[in-house]
Amino acid sequence: MQSIPGAEEVISSQLNAYNRKDIDEFMRWWADDCHYLAFPNDTLCVGIADIRNRHIERFLEPDLHGELLSRMVMGNTVVDHELVTRNFPEGKGQVEVICIYEVHDGKIAKAWFKMGERRLF
């Protein structure tokens, strides 16, 4: 019997898949009925189909990369502070992001993202 991965392993695995732009591996870590929100409670996506479509588009950015600056774990909640390099419509740059993940049964059930200000290179 395969064990269910812990919250930190789930979030590390999905960030690694994000940085490889491996959509299938990335989606493996999201629950079927997951909620993806802009902090504090603006729904951006509900369910894996919506999240997949959002990230297929995002993964087309040639410079996309999330650098983990710090991580806190408390039970099934993981809070990451990341510096994300993006290809914005106005040019390449970075944005700080606080990511809050709630993990249940080895899958991300809910995630909130608080975005900082864009900084162009």
Side-chain angles (χ1 to χ4, degrees):
M1 181 176 203
Q2 190 175 7
S3 66
I4 295 173
E8 185 169 12
E9 182 182 346
V10 169
I11 302 311
S12 292
S13 297
Q14 71 87 36
L15 179 59
N16 289 336
Y18 178 94
N19 284 332
R20 287 191 314 272
K21 301 178 191 174
D22 182 339
I23 192 65
D24 293 327
E25 179 66 15
F26 179 78
M27 294 310 304
R28 173 181 171 216
W29 302 105
W30 294 86
D32 291 347
D33 59 350
C34 54
H35 288 251
Y36 188 103
L37 303 105
F39 186 86
N41 61 4
D42 294 327
T43 300
L44 300 173
C45 300
V46 176
I48 57 173
D50 283 350
I51 292 172
R52 183 181 189 86
N53 288 337
R54 180 182 182 91
H55 286 84
I56 285 173
E57 181 81 17
R58 179 77 40 89
F59 287 0
L60 294 175
E61 296 179 22
D63 298 302
L64 182 69
H65 183 81
E67 177 186 351
L68 180 63
L69 301 176
S70 66
R71 173 172 287 156
M72 296 186 306
V73 181
M74 184 184 299
N76 71 331
T77 303
V78 178
V79 180
D80 281 359
H81 179 203
E82 297 178 9
L83 185 60
V84 180
T85 301
R86 298 270 321 267
N87 299 98
F88 300 113
E90 58 273 14
K92 184 177 172 182
Q94 291 181 318
V95 61
E96 278 186 90
V97 184
I98 296 172
C99 315
I100 305 165
Y101 300 97
E102 187 177 292
V103 177
H104 295 283
D105 298 322
K107 301 279 187 175
I108 301 166
K110 209 168 197 182
W112 297 261
F113 300 92
K114 182 163 179 67
M115 310 295 285
E117 295 296 319
R118 294 179 179 183
R119 294 185 302 266
L120 297 179
F121 292 148

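In this chain, numbering begins with 1 at the start of the sequence shown.
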Do you know which two heavy atoms are closest between [X] and [Y], and how far apart they sit?
{"X": "G116", "Y": "V95", "value": "O-CG2, 3.3 Å"}
{"X": "Y101", "Y": "Q14", "value": "OH-NE2, 3.2 Å"}
{"X": "G75", "Y": "A7", "value": "O-CB, 3.7 Å"}
{"X": "I48", "Y": "A31", "value": "CG2-O, 3.0 Å"}
{"X": "W29", "Y": "P5", "value": "CZ3-CG, 3.7 Å"}
{"X": "R118", "Y": "P89", "value": "NH1-CD, 4.2 Å"}

Kindly indicate whether the side chain of [X], heavy atoms from C-beta on, has any atom under 4.5 Å from the side chain of [Y].
{"X": "V84", "Y": "L64", "result": "yes"}
{"X": "I23", "Y": "F59", "result": "yes"}
{"X": "F39", "Y": "I98", "result": "no"}
{"X": "I11", "Y": "I108", "result": "yes"}
{"X": "N76", "Y": "H104", "result": "yes"}
{"X": "R58", "Y": "F26", "result": "no"}

Lys/Arg N to Asp/Glu carboxylate O, [X] vs [Y], below 4.0 Å:
{"X": "R52", "Y": "D24", "value": "yes"}
{"X": "R54", "Y": "E57", "value": "no"}
{"X": "E96", "Y": "R119", "value": "yes"}

So if you build clusters from Ile, Leu, Val, Met, Phe, Trp, Tyr with side-chain heavy-atom gaps below 4.5 Å, do [X] and [Y] land together?
{"X": "Y18", "Y": "L44", "value": "yes"}
{"X": "L37", "Y": "L15", "value": "no"}
{"X": "V79", "Y": "L68", "value": "no"}
{"X": "M115", "Y": "L120", "value": "yes"}

Check: Can you tell which of V10, I4, V73 makes a side chain to side chain contact (heavy atoms under 4.5 Å, CB included) with V103?
Finding: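 It is V10; the other options fail the test.
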
Gap between atom [atom2] of [Y] and atom [atom1] of [X] - 0.5 Å precision:
{"X": "S70", "Y": "E82", "atom1": "OG", "atom2": "CD", "value": "9.5 Å"}
{"X": "K92", "Y": "R86", "atom1": "NZ", "atom2": "CZ", "value": "13.0 Å"}
{"X": "N53", "Y": "C45", "atom1": "CG", "atom2": "SG", "value": "8.5 Å"}
{"X": "M72", "Y": "D80", "atom1": "CE", "atom2": "CG", "value": "9.5 Å"}
{"X": "N19", "Y": "N16", "atom1": "CG", "atom2": "CG", "value": "7.0 Å"}
{"X": "I51", "Y": "W30", "atom1": "CD1", "atom2": "CH2", "value": "4.5 Å"}

Next item on the list: Please say whether more than 12 non-hydrogen atoms of neighbouring residues, nucleotides or ligands are located less than 6.0 Å from CG in D42.
Entry: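 Result for CG/D42: enclosed.
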
Main chain of [Y], side chain of [X]: is a donor-acceptor contact present, judged purely on distance under 3.5 Å?
{"X": "K21", "Y": "P62", "value": "yes"}
{"X": "D22", "Y": "A17", "value": "no"}
{"X": "K107", "Y": "R28", "value": "yes"}

Note to self: Under 3.5 Å, is there a donor on one side chain and an acceptor on the other for Q94 and T85?
What the structure shows: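 Distance-only check passes for Q94 and T85.
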
